[in-house]
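Note on naming: letters A, B, ... go to the chains in the order of the sequence lines (proteins, then strands), and numbering restarts at 1 for each one.
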Protein chains: 2
Amino acid sequence: MSKSSKPKVYQGVLEEVRMYIRDNHLSPGDKLPSERELSDKLQAGRSSIREALRALELLGLIETRHGEGTFLRSYQSLQSVELLSSFILLEDQTRNELHQVKRMIEKEAVKMALPLIQEDTLTKLEAIVKSSAPSEKKHIDFFTCVLQQANNKLLLKIWMLLEEFSHSIDSVYESQVFYDKLLEIIAEKDNNALESLYEQ
Amino acid sequence: MSKSSKPKVYQGVLEEVRMYIRDNHLSPGDKLPSERELSDKLQAGRSSIREALRALELLGLIETRHGEGTFLRSYQSLQSVELLSSFILLEDQTRNELHQVKRMIEKEAVKMALPLIQEDTLTKLEAIVKSSAPSEKKHIDFFTCVLQQANNKLLLKIWMLLEEFSHSIDSVYESQVFYDKLLEIIAEKDNNALESLYEQ
DNA sequence: GCAATCCAAGTGGTCTGACCACCCCTAATG
DNA sequence: CATTAGGGGTGGTCAGACCACTTGGATTGC
């Protein structure tokens with residue numbers, strides 16, 4: 001007759017830990033009680049405690065240091081994004097969609113970076129384009145640089161993940177002419193030309 | 001002399017499980033090997049297996065049914081959203097990045113969908129915009145529809161993920177005027193106007 | 001023959017206790 | 001006084017034991 005399943009211990013632990021953090025006003029960097037202590041206080045087996053802590057760790061909410069303890073951690077790592085993305089990509093990585101999304105991000109990254117690009121970055125990009133490296137490395141170097149300028153770590157991370165996956169699936173990169181034009185567009189900060197370049 | 005810490009078993013298990021899913025072409029709903037079987041195959045204690053599975057469960061990537069087994073699950077919602085939001089307040093920087101990326105995807109999704117949008121979809125969007133639903137639901141409905149038309153499941157998933165994060169943290173949505181204009185742009189399939197609308 | 005029932009096997013859920021590896025601090029050592 | 005050895009605390013891992021729940025086939029009763 002029951003509809004909802006029995007709550008699991010580790011979920012209760014998550015709740016308790018959260019309250020502990022709130023009630024003790026813990027800030028990033030502060031230490032949490034040890035696993036054995038939590039096990040004691042919360043009346044739960046150490047393994048259940050660990051299941052909860054491991055989950056929090058994977059989410060990037062805490063950090064454990066062997067021999068030292070478990071510490072609260074500021075959430076900026078974007079760690080969970082990485083994991084989630086990789087599983088999302090597992091499901092149906094149709095080449096076309098992947099390629100389309102990646103290309104879109106690259107285009108928009110350039111657009112974001114445009115107002116922020118300085119002379120030195122430009123020379124750096126130029127060097128990359130003119131180098132004799134394989135087109136794959138060239139591509140990665142180029143857009144890594146652009147994305148850094150775009151000043152959005154989240155976007156950078158997403159792009160790197162897509163890049164990695166696309167690398168293991170197919171390897172379609174742009175032509176030399178493409179990069180030349182792109183460089184020109186960046187130098188002149190021409191938004192419309194950028195759009196047209198990516199139209200094709 | 002080693003600098004990087006020893007990799008933990010449960011992290012290896014995560015990797016293995018991911019590969020297992022890929023190599024066996026598992027789809028959402030399919031069953032994973034039992035904990036004991038994994039423990040056997042991967043040469044790891046059952047508790048380590050469980051730490052990995054619990055983490056995946058918290059992320060909403062798998063579902064475990066007592067007495068039945070563990071199943072792959074299509075990404076629906078983070079079990080952990082409340083955790084994330086109540087635990088840590090995202091840094092401003094990250095928050096902005098999130099918002100920026102999400103907005104960018106929405107814009108590009110419209111662009112992708114433009115050539116594919118039919119009369120009936122347009123009426124549907126119109127209904128959403130004119131509805132009296134809270135702006136949050138309106139936003140989600142609107143872009144879910146757009147993203148479906150854009151015909152790129154990957155982008156849809158990425159967007160849903162971001163939307164969920166953003167939802168638990170801040171709730172800045174667009175104004176009514178914004179949607180009206182957007183609708184008009186879609187009706188007229190005006191790419192340039194779209195860019196300008198999103199400039200601000 | 002067919003339906004209802006029961007039970008054993010398989011699975012997740014949890015706890016306990018035992019080691020190991022690692023970090024830190026302190027007391028003994030030189 | 002500096003160095004070192006050791007002990008205690010902490011996370012990391014494993015093995016084994018139960019329990020609770022689901023399922024499906026064997027058994028039973030009609």
Is the base of C/dG12 touched by the side chain of B/R36 through a donor-acceptor pair closer than 3.5 angstrom?
yes
With nearest nucleotide decided by heavy atoms, which residue, A/E68 or A/Y10, maps closer to the 5′ end of DNA chain C?
A/Y10
Proximity to the side chain of A/H66 - top-ranked nucleotide from C/dT14, C/dC22, C/dC23:
C/dC22
Ion pair check, A/K8 and A/E51, cut-off under 4.0 Å
no
Would you compute the distance between atom OH of B/Y198 and atom CZ of B/R103 and round it to the nearest 0.5 angstrom?
6.0 Å
Rounded to the nearest angstrom, tell me the gap between atom CD in B/Q11 and atom P in D/dG11.
16 Å
Would you say B/R50 reaches C/dG13's phosphate, i.e. side-chain N/O to OP1/OP2 under 4.0 Å?
yes
Do A/R54 and D/dG11 share a donor-acceptor pair, side chain to base, under 3.5 Å?
no
By nearest nucleotide on DNA chain C, pick out whichever of A/A44 and B/G67 is the more 5' one.
B/G67
Salt bridge or not between B/K111 and A/E195? Use side-chain N to carboxylate O under 4.0 Å.
yes
Base, sugar-phosphate, or nothing: which does A/S39 touch, judged by heavy atoms less than 4.0 Å apart?
nothing
For A/S48, answer base if it contacts any base atom (sugar-phosphate contacts may also be present), sugar-phosphate if it contacts only those atoms, and nothing otherwise; contact means non-hydrogen atoms under 4.0 Å.
sugar-phosphate
Could you tell me how far apart A/E37 (CD) and D/dT10 (C1') are, to the nearest whole angstrom?
11 Å
NZ on B/K107 to CG on B/L182, rounded to 0.5 Å:
12.0 Å
From D/dT13, C/dT14, C/dT11, pick the nucleotide closest to the side chain of B/E51?
D/dT13
